[in-house]
Engineer: 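A single structure is presented below for examination.
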Amino acid sequence: MFFLFRLLVGIILISFSISAFAHWKPVGDKIKTTWGENLNINNVLPEYPRPQMIRSEWKNLNGLWNYAITTIGESYKNPDGKILVPFALESSLSGVGKALDGKHWLWYERTFEIPTKWENKRILLNFGAVDWKCEIFVNGKSCVTHEGGYTPFSVDITDAINKGKNTLLVKVEDPTNDTNSPHQPRGKQALNPPWYMYTAISGIWQTVWLEPVEKNYIKNIKITSNIDKPSFIIEVSTNNKAPFEVDVLANEEIVAKATGTSDKKAFAFIKNAKLWSPENPFLYDIVVRLKENGKTVDSIKSYSALRKISLHYTDKDPTKAKVKISLNNKPLFIYGIVDQGYWPDGLYTAPSDEALKFDIQTAKKLGFNAIRKHIKVETARWYYHCDKLGMLVWQDMPSAMNPLQKLTWKPGQYVDDHNALPQEWINRYKTELQSMVNSLYSHPCIVIWVLFNESWGQSNTSEFTNWIKAYDPTRLINPASGGNQTANVGDIVDSHNYPEPKIRYFESMKANVIGEFGALHCVVKDHMWTTGKTWGFGKFENQKQMHAQYNEYANSVISLMDLGLCGAMYFELYDVEREANGIMTYDRKILKFDEKEMLKTNQKIINSFK
């Protein structure tokens with residue numbers, strides 16, 4: 001009897017799987033990653049998506065949804081077909097592969113049921129990210145409107161849900177580089193991308209999930225570390241003021257306790273503190289319990305690390321000083337690689353958590369100690385892997401540009417601070433910048449905020465730099481990586497130069513870095529996004545040629561240390577679309593450099609810093 005029951009269950013599961021696949025298949029003829037080729041659409045990105053704020057009860061809504069594209073102003077009636085969430089509309093893995101412009105809306109629809117054991121709870125609907133502007137409806141009731149394509153948001157949908165089946169509808173607007181989207185933060189997305197831009201993405205591109213909470217619950221946790229007086233400062237935001245308790249654990253043993261209220265900070269002091277670094281990325285587990293009348297009404301599992309990023313001045317005299325970047329009060333040369341956060345099959349969305357981790361692991365095993373996440377904000381799990389693996393992160397704010405905006409880039413020159421854009425545009429950019437910092441603040445891996453890339457959307461540099469420095473004084477601020485430099489603003493002056501590393505600027509009281517160099521060009525047959533013209537420097541045919549040139553540039557980086565260089569970023573981790581300058585192919589199947597040789601060279605760079 002048991003055998004027959006198992007057989008029946010197996011037949012039902014197989015039938016469901018066949019039915020799901022009948023409604024979905026990847027689109028297009030572009031290259032794919034191994035993870036994309038082996039994607040299980042019945043179990044898409046099943047990991048809990050928010051590692052620093054974990055609840056034990058949750059329901060993943062990833063999978064096949066209905067979708068439709070309508071003209072703006074036209075309501076949703078019938079689906080055009082199925083889309084695989086959370087892959088963007090334009091991606092191969094979405095199963096759609098269509099572009100969205102400023103004249104159309106994108107609609108998502110699915111049904112869901114609330115588990116019986118969640119009755120009498122408040123129900124939160126969470127989105128990792130939706131690009132760009134969306135409105136959420138539950139059973140026809142509008143619950144929230146959110147603007148910003150890179151940051152998470154939650155909405156309490158309790159008052160809109162029914163017993164039994166519920167209908168979730170998401171309306172998306174995403175003009176990207178249409179003139180209807182002035183100063184929309186969009187990074188390297190473009191509807192008709194030139195060589196230095198990439199395919200646009202629209203709609204849901206990170207996990208969607210439900211979770212139950214009590215009437216009073218934890219909305220956010222902010223964790224700040226202090227290594228000089230080893231401690232964690234924990235701030236908890238709730239919808240109503242309440243006390244909370246904190247346990248800090250090291251290797252599953254409680255090493256500190258703290259209490260506080262949701263309008264005041266709690267301080268957890270750590271004895272025999274272990275500091276976080278790329279060599280030893282030690283993480284403390286943190287449990288936060290919200291209390292009401294002595295009972296725990298909400299419990300969150302989190303983590304953090306004790307680490308400090310700062311500037312070290314070799315002399316108080318500006319004419320003699322060389323500024324260094326210090327990690328945990330010790331000078332460190334930051335040598336990293338630029339990562340665009342794109343995938344040939346998923347575009348903005350990695351096909352799996354293993355794929356997401358693979359990029360970081362590759363950079364780590366090649367001897368890089370940092371990654372510059374280039375004008376894109378990643379899913380929270382990417383930063384979790386950086387935290388756990390010990391990878392420093394320079395985090396870029398996604399650029400905001402408009403076709404009508406014409407700002408001159410003057411590399412190697414200092415320019416007066418400018419106020420080139422309308423206040424409405426500035427406010428839009430600042431709102432999403434603040435949301436980015438809020439959502440990523442507690443990740444120890446992030447050590448530098450990069451506000452602008454080159455001159456892309458750059459404006460009000462002093463205003464933004466001073467504001468973000470006051471808002472988050474725990475990190476260094478790079479006002480304009482390779483962009484228009486404004487004297488005496490921020491912590492870092494950043495040069496871009498291709499292909500060889502060069503310092504275009506120098507300020508004695510700032511950290512001097514090279515934000516981009518390299519881009520050695522090597523085409524690997526059958527692993528390219530395009531058969532047309534590709535971008536990069538040089539025409540290298542094999543690993544030996546690549547290493548000879550790379551080693552020459554490495555020696556240049558080392559020689560520039562004597563002039564004050566304290567950090568550099570090689571461009572880039574993998575090929576992207578028309579760019580053939582990665583150390584890996586776009587599908588992540590071929591490493592263009594010899595692993596041992598690159599590791600040896602990169603260690604030489606980092607160890608040469610004195």
Engineer: Among residues at least two apart in sequence or on other chains, which ones pass side-chain contact (heavy atoms from CB on, under 4.5 Å) with Ala256?
Structural biologist: Val248, Ala268, Ile270
Engineer: So, does Asp494 use its side chain to make a donor-acceptor pair with the main chain of Gly515 at under 3.5 Å?
Structural biologist: yes
Engineer: Keeping His496 on the side-chain end and Ser481 on the backbone end, is there a donor-acceptor pair under 3.5 Å?
Structural biologist: yes
Engineer: Report yes or no: does Asn607 contribute a side-chain atom to a donor-acceptor pair with the main-chain N or O of Gln603 at less than 3.5 Å?
Structural biologist: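 Present.
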Engineer: Got a donor-acceptor contact below 3.5 angstrom from the Arg578 side chain to the Met197 backbone?
Structural biologist: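 Here the side-chain-to-backbone pair exists.
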Engineer: Within the supplied structure, the quantity of interest is the number of heavy atoms (other residues, nucleotides, ligands) at a distance under 6.0 Å from Lys469 NZ; does it exceed 12?
Structural biologist: yes
Engineer: Carefully, step by step, assess Glu516 and Glu454 under the rule side chain to side chain contact (heavy atoms under 4.5 Å, CB included).
Structural biologist: CA-CA 10 Å; Glu516 295 177 23; Glu454 295 175 354; 4.1 Å; yes
Engineer: Show, in sequence, the C-alpha distance, side-chain angles and deciding distance for Val130 and Phe153, and conclude whether the side chain to side chain contact (heavy atoms under 4.5 Å, CB included) test is met.
Structural biologist: CA-CA 9 Å; Val130 182; Phe153 64 97; 4.1 Å; yes
Engineer: Verify ring pair (Phe, Tyr, Trp, His ring centres under 6.0 Å) between Trp209 and Phe127, making sure each step is shown before the conclusion.
Structural biologist: CA-CA 7 Å; Trp209 77 102; Phe127 291 83; 8.7 Å; no
Engineer: Is any side-chain heavy atom of Thr349 less than 4.5 Å from a side-chain heavy atom of Thr379?
Structural biologist: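 Of all side-chain heavy-atom pairs linking Thr379 with Thr349, none is under 4.5 Å.
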Engineer: Can you tell me how far the NZ atom of Lys510 sits from the OH atom of Tyr313, to the nearest 0.5 Å?
Structural biologist: 10.5 Å
Engineer: Please determine whether ring pair (Phe, Tyr, Trp, His ring centres under 6.0 Å) holds for the pair Tyr284 and Phe232, giving the CA-CA distance in whole Å, both sets of side-chain angles, and the decisive distance to 0.1 Å.
Structural biologist: CA-CA 10 Å; Tyr284 287 89; Phe232 291 109; 5.5 Å; yes
Engineer: The test is side chain to side chain donor-acceptor pair (under 3.5 Å); show your working for His385 and Asp353 and say whether it passes.
Structural biologist: CA-CA 9 Å; His385 290 309; Asp353 195 58; 3.1 Å; yes
Engineer: Looking at Met391, is its backbone amide N or carbonyl O close enough to the side chain of Lys364 to form a donor-acceptor pair, meaning the two atoms are under 3.5 Å apart?
Structural biologist: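 Not a single qualifying donor-acceptor pair exists.
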Engineer: Walk me through it: do Asn555 and Lys604 pass the test side chain to side chain donor-acceptor pair (under 3.5 Å)?
Structural biologist: CA-CA 9 Å; Asn555 290 332; Lys604 177 184 175 183; 3.2 Å; yes
Engineer: Among Tyr553, Tyr498, Tyr550, Tyr335, find the one that has a ring-ring contact (aromatic ring centres under 6.0 Å, His included) with Tyr570.
Structural biologist: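 Exactly one option meets the ring-ring contact (aromatic ring centres under 6.0 Å, His included) with Tyr570, and it is Tyr550.
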Engineer: In this structure, are over 12 heavy atoms from other groups packed under 6.0 Å from Lys301 atom NZ?
Structural biologist: no
Engineer: Given the rule in the ring pair (Phe, Tyr, Trp, His ring centres under 6.0 Å) test, do Tyr196 and Trp535 qualify, once you have shown the distances and angles that lead to the verdict?
Structural biologist: CA-CA 8 Å; Tyr196 58 91; Trp535 181 79; 9.5 Å; no
Engineer: Does the side chain of Arg475 come within less than 4.5 Å of Tyr441's, by heavy atoms?
Structural biologist: yes
Engineer: For Tyr384, which residues count as a ring pair (Phe, Tyr, Trp, His ring centres under 6.0 Å) partner, sequence neighbours excluded?
Structural biologist: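 In terms of ring pair (Phe, Tyr, Trp, His ring centres under 6.0 Å), with neighbours along the sequence ignored, Tyr384 is linked to Tyr303.
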Engineer: Ser94 side chain to Glu90 main-chain N or O, any donor-acceptor pair under 3.5 Å?
Structural biologist: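 No, because the side chain of Ser94 does not come within donor-acceptor range (under 3.5 Å) of the backbone of Glu90.
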Engineer: I'd like to know whether Lys600 forms a salt bridge (charged side-chain N to carboxylate O under 4.0 Å, His left out) with Glu597, so could you lay out the CA-CA distance, the side-chain angles of the two residues, the decisive distance to 0.1 Å, and finally the verdict.
Structural biologist: CA-CA 5 Å; Lys600 181 180 177 181; Glu597 285 294 321; 5.3 Å; no
Engineer: Verify whether the ring centers belonging to Tyr586 and His527 lie closer than 6.0 Å.
Structural biologist: no
Engineer: Tell me whether Trp35 contacts the main-chain N or O of Leu356 through its side chain, where contact means a donor paired with an acceptor under 3.5 Å.
Structural biologist: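 A pair under 3.5 Å: no.
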Engineer: Looking at Gly341, is its backbone amide N or carbonyl O close enough to the side chain of Lys376 to form a donor-acceptor pair, meaning the two atoms are under 3.5 Å apart?
Structural biologist: yes
Engineer: Under the salt bridge (charged side-chain N to carboxylate O under 4.0 Å, His left out) criterion, do Asp339 and Lys373 qualify, and how do the steps go?
Structural biologist: CA-CA 5 Å; Asp339 176 5; Lys373 181 54 69 171; 2.9 Å; yes
Engineer: Are side-chain heavy atoms of Ile221 and Glu235 found at a separation under 4.5 Å?
Structural biologist: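 SC-SC contact between Ile221 and Glu235 ruled out.
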Engineer: For residues Ser302 and Ile54, determine if any side-chain heavy atom of one lies less than 4.5 Å from a side-chain heavy atom of the other.
Structural biologist: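 No, side chains not in contact.
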Engineer: What closest approach, in Å, do Ala480 and Gln485 show between heavy atoms, and which atom pair accounts for it?
Structural biologist: O-NE2, 2.8 Å
Engineer: Kindly write out the residues that satisfy ring pair (Phe, Tyr, Trp, His ring centres under 6.0 Å) with Tyr342, not counting sequence neighbours, or none if the list is empty.
Structural biologist: Tyr198, Tyr348
Engineer: Decide if the gap between the ring center of Phe87 and the ring center of Trp205 is smaller than 6.0 angstrom.
Structural biologist: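 Ring centres of Trp205 and Phe87 not closer than 6.0 Å.
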Engineer: Checking His547 side chain against Asp594 main chain: does a donor-acceptor pair fall under 3.5 Å?
Structural biologist: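 Judged by distance alone, yes, a pair lies under 3.5 Å.
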Engineer: Within a strict 4.5 Å, meaning less than it, do heavy atoms of the Ile375 and Asp396 side chains meet?
Structural biologist: yes
Engineer: Quick check against the 3.5 Å criterion: does Asp131 have a side-chain atom that pairs as donor or acceptor with the backbone of Gly203?
Structural biologist: no
Engineer: Do Glu211 and Arg50 come close enough that some side-chain heavy atom pair is under 4.5 Å?
Structural biologist: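 A side-chain contact exists here, since the closest heavy-atom pair is under 4.5 Å.
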Engineer: Roughly how far, to the nearest 0.5 Å, is CD1 of Ile325 from CD1 of Ile448?
Structural biologist: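 Between atom CD1 of Ile448 and atom CD1 of Ile325 there are 4.5 Å.
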Engineer: So, Asp228 versus Asn329: side-chain donor-acceptor pair below 3.5 Å or not?
Structural biologist: yes
Engineer: For the ring pair Phe540 and Phe593, is the centre-to-centre distance below 6.0 Å?
Structural biologist: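 No; Phe593 has its ring centre 6.0 Å or more from that of Phe540.
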Engineer: Report yes if some heavy atom in the side chain of Val338 is under 4.5 Å from a heavy atom in the side chain of Met569; otherwise report no.
Structural biologist: yes
Engineer: Counting only heavy atoms from other residues, nucleotides and ligands, does the tally under 6.0 Å from NZ of Lys502 exceed 12?
Structural biologist: no
Engineer: Could you please spell out the steps behind the side chain to side chain donor-acceptor pair (under 3.5 Å) verdict for Arg372 and Asn453?
Structural biologist: CA-CA 11 Å; Arg372 179 183 172 198; Asn453 176 68; 2.9 Å; yes
Engineer: Determine, stepwise, if the pair Arg504 / Asn497 fulfils side chain to side chain donor-acceptor pair (under 3.5 Å).
Structural biologist: CA-CA 8 Å; Arg504 290 178 175 268; Asn497 196 77; 2.9 Å; yes
Engineer: With a distance cut-off below 6.0 Å to the six-membered ring centre and an angular limit of 45° from the axis, does Arg588 pair with Tyr574 as a cation-pi contact?
Structural biologist: yes
Engineer: Return the orientation label for the Tyr429 and Phe464 ring planes: parallel under 30°, perpendicular over 60°, tilted otherwise.
Structural biologist: perpendicular
Engineer: Does any non-hydrogen side-chain atom of Thr207 lie less than 4.5 Å from one of Asn60?
Structural biologist: yes
